[in-house]
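Read the numbers this way: they start at 1 and go in the same order the structure lists the ligands and their atoms.
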Amino acid sequence: MIRTGAIGTGRGWKGRTPMITPVRFEKEKLLILDQTLLPGEEKYIEIRTKEDIWRAIKTLQVRGAPAIGVAAAFGLYIAARDLETDGYEDFAREFHQIKEYIGTARPTAVNLFWALDRMERKLLSMGDGLCFAPSWRQEQEYIKEELLKEARAIREEDEAACLAMGELGLSLLKKGMGILTHCNAGTLATAKYGTCLAPIYLGQERGYDFRVFADETRPLLQGARLTSWELSREGVDVTLICDNMAATVMKRGSVDAVLVGCDRMAANGDGANKIGTLGVAVLAKEYGIPFYMFAPTSTIDLNTPSGDEIVIEERDGQEIRQLWYEKPMAPSGIKTYNPAFDVTGNQYITAVVTEKGIVYPPYKENLKKLFE
Ligand code: MRU
């Protein structure tokens, strides 16, 4: 079953502070909020080359599936803007190489590949001579302008999708609810507003008085550094907990719903998200708490049949041993296993919130309908 609602009311967030945006394109410059410095420092860095955007994605200066997609689209445009080739064929070949290179930054969030492919499709739709410019030089300029328009469209569509998911997500919630979230699927992880944090912002504006529990999200602490920062900045009642405290807050009856984001949802509704999400989902089922996964259609990958086929990124063990701590918190060189994501089986997901509607099981049939 798919339920649609007040999609795209376009009202947005009228909070007391301007909602922060992680990716900005201003005066021909691509600026990225360096999220590795948060919450201590709010600093935008300029992306000038393909290596800059690759590094920004790899090191999580920009992170969160939709924000990675938006940043990659602009990054690909920035790198393509510097191309000066002798003809369309050369341009398309070099563009493809840059696209493939950026795509090696991280493997799990499908939005990266979705956005890069969409940019390339745009280029290919303007095949040689199709724009009728008198010379290749002029055609090349035209192509670059169109690529920038496409990157802007990706960002605008993501913003609209987040607002729509906010309205739909809010329809699942009641005033005064306790909500638990894992990692960061807020404005920092998207073009603006967030996926699973969007209903919390809309609820805040409309007097829902939610009490939010943010899992700190080991090892990179997206919950502690980012979710608790962005929610408290907007006046939301947020309590930070360690990941191993989720069971306790659920058992005490403080959690009425779990809202999480998604990095890639397979065709059968299995959803990869930040490591630890699976544990939260299993707990939610045990305690009878609805578990909602928010996934814009750009995060749904019908070409991946199930969660078993999703490539899970493994990151450097140093993130577990020391990163974010002043001193090592484990013996140096100790063996580590550091998967960045896990897959929550569809049996744990009460509903999937997309910008096109709320999807209920059976997911294999119902997710497909979103794309018809
Ligand atoms: O490693 P990260 O910080 O990029 O992981 C982010 C997440 O797991 C988010 O929950 C997910 O990308 C959804 S963001 C709307």
Side-chain angles (χ1 to χ4, degrees), residues 21-23 32-36 38 56-72 105-115 155 158-159 161-166 169 180-201 214-227 229-231 243 258-265 271-281 291-301 310-316 319-320 323-324 338-344 349 352-355:
T21 48
V23 182
I32 279 177
L33 179 67
D34 183 350
Q35 298 190 32
T36 63
L38 290 173
I57 295 171
K58 178 79 184 169
T59 63
L60 276 60
Q61 286 175 308
V62 61
R63 34 69 50 207
I68 291 172
V70 172
R106 294 186 77 187
T108 306
V110 74
N111 299 62
L112 174 60
F113 310 100
W114 172 88
R155 184 182 56 189
D158 186 57
E159 196 174 313
C162 287
L163 273 181
M165 282 183 282
L180 185 129
T181 189
H182 190 74
C183 192
N184 172 266
T187 194
L188 290 169
T190 58
K192 205 173 180 182
Y193 307 115
T195 59
C196 84
L197 296 195
I200 294 173
Y201 287 125
D215 279 352
E216 67 171 350
T217 317
R218 282 277 289 151
L220 293 183
L221 305 179
Q222 287 91 336
R225 296 186 304 106
L226 310 177
T227 297
W229 178 76
E230 67 161 84
L231 288 178
D243 298 332
V258 175
L259 311 187
V260 295
C262 182
D263 284 85
R264 185 187 298 236
M265 178 157 283
N273 192 48
K274 179 53 54 195
I275 190 74
T277 305
L278 171 60
V280 174
F291 180 94
Y292 299 118
M293 191 168 256
F294 285 60
T297 46
S298 56
T299 301
I300 299 171
D301 178 11
I310 297 177
V311 178
I312 299 293
E313 177 182 17
E314 278 189 42
R315 296 184 62 88
D316 193 334
E319 292 178 349
I320 301 180
L323 196 75
W324 311 123
N338 187 15
F341 302 94
D342 56 27
V343 174
T344 298
I349 302 174
V352 178
V353 181
T354 80
E355 78 279 20

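- Listed by chain and residue number, the protein contacts of ligand 1 are L60, R63, G64, A65, P66, R106, C183, N184, A185, A189, T190, T195, Q222, G261, C262, D263, N273, K274, F341 (heavy atom within 4.0 angstrom).
- Considering only residues two or more places apart in sequence or on other chains, D34 meets the salt bridge (charged side-chain N to carboxylate O under 4.0 Å, His left out) condition with none of them.
- D243 is linked by a side-chain hydrogen bond (donor to acceptor under 3.5 Å, both in side chains) to nothing, counting only residues two or more places apart in sequence or in another chain.
- Annotation: side-chain hydrogen bond (donor to acceptor under 3.5 Å, both in side chains) contacts of E319 (sequence neighbours excluded): R315, N338.
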Side chain to side chain donor-acceptor pair (under 3.5 Å) evaluation trace for E355 with T297: CA-CA 7 Å; E355 78 279 20; T297 46; 2.5 Å; yes
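- Between the side chains of N184 and R63, a donor-acceptor pair is found at a separation under 3.5 Å.
- Side chain of T227 to main chain of C183: a donor-acceptor pair is present (N/O by atom type, distance under 3.5 Å, no hydrogens or angles).
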